[in-house]
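When a ligand or atom number is given, it counts from 1 through the structure's own listing order. Only a predicted model underlies this, so the values are computations on that prediction, with no experimental measurement involved.
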Amino acid sequence: MQKVRAKKSLGQHFLRDLGIAQRIAETINPTTSDVRFPVLEIGPGMGVLTQYLLKNPNIDLTAIELDRESVVYLKEWYPELRLIEGDFLKLDLNKLYPEGPFGVIGNYPYNISSQIFFKVLDYKDRIPVCSGMIQKEVAERIASKPGKKAYGILSVLLQAWYDIEYLFTVDENVFNPPPKVKSAVVRLRRNERTSLGCDEELFKRIVKASFNQRRKQLRNSLHEFLDKPGCKEELAEILTKRPEQLSVEEFINLTKRLQSWQN
Ligand code: SAH
């Protein structure tokens, strides 16, 4: 059977290195229990990761693939695979997994990698672990600590709920066709936090507004949240900072204080 022809519009870069594929598949390795851990693979392509995931007796695998040609290929080569033809971003995960935790893995389509992580965040209480390969630059953003150039919206929103590991870097020449950028494998594991102690939507809005003008002091970028008389004065000290200087904890505290001013 013919191989799938790589399509740029779908972010298709097929991994050729089986050693790396196996290492990625092993980033989700649930400990044995009576029930197999449900794992969703996004964008299996020609199944280079899938083959190892299917062999893991602790994993109950489902895959979602948007590309018709890849779906035909996968059905031929992996008839045992539970496969959904469709767009992960449109998939109703509560329907697929009505209850309980599940993991997410993939050598992800790079053109939608940020959106994939925002969707994982929407289901954070159902997804204890998410791992896989993305552009190195996005991996750095996700894992970045405060004070770094890469520190931004994704870093704060994800790190509020997940511990992030930057596992290893992958060279472009192990793909067909090679992407323009280097890649990296990351793992997100849900931390112990059960609540922020403030409004989650407000937290997101504040983080986004802060980084949308990342060179400006918070007093400027957050002006829409600071209209109550006395508010700017009380928060004067923190408002002279720039967003990259604030830790996740400090963003949470700032949200709590702004929330109390809004009420
Ligand atoms: N995992 C394979 C393919 C990686 S390329 C490998 O390592 O070789 C990314 C894959 O994601 C492609 O197969 C592409 O068709 C698929 N894809 C792109 N957008 C998608 C989406 N919105 N939902 C599901 N799959 C998608």
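Using a distance-only test at 3.5 Å, with no hydrogens or angles considered, no donor-acceptor pair links the side chain of Lys136 to the main chain of Ala184.
In summary, the aromatic rings of Tyr123 and Phe118 are positioned with their centroids too far apart to meet the 6.0 Å limit.
When Ile142, Ile164, Leu154 are each tested for a side-chain contact (heavy atoms from CB on, under 4.5 Å) with Gln159, only one passes: Ile164.
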**Request:** Could you walk me through whether Arg205 and Glu201 pass the salt bridge (Lys or Arg N to Asp or Glu O under 4.0 Å) test, one step at a time?
**Result:** CA-CA 6 Å; Arg205 280 170 55 213; Glu201 282 311 308; over 6 Å; no
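Among residues two or more places apart in sequence or in another chain, the salt bridge (charged side-chain N to carboxylate O under 4.0 Å, His left out) test is passed with Arg190 by Asp125.
A side-chain N or O of Ser113 and one of Gln135 form a donor-acceptor pair less than 3.5 Å apart.
Residue-level contacts of ligand 1 at the 4.0 Å heavy-atom threshold are Leu10, Gly11, Gln12, His13, Phe14, Leu15, Gly43, Pro44, Gly45, Val48, Ile64, Glu65, Leu66, Asp67, Gly86, Asp87, Phe88, Asn107, Pro109, Ile112.
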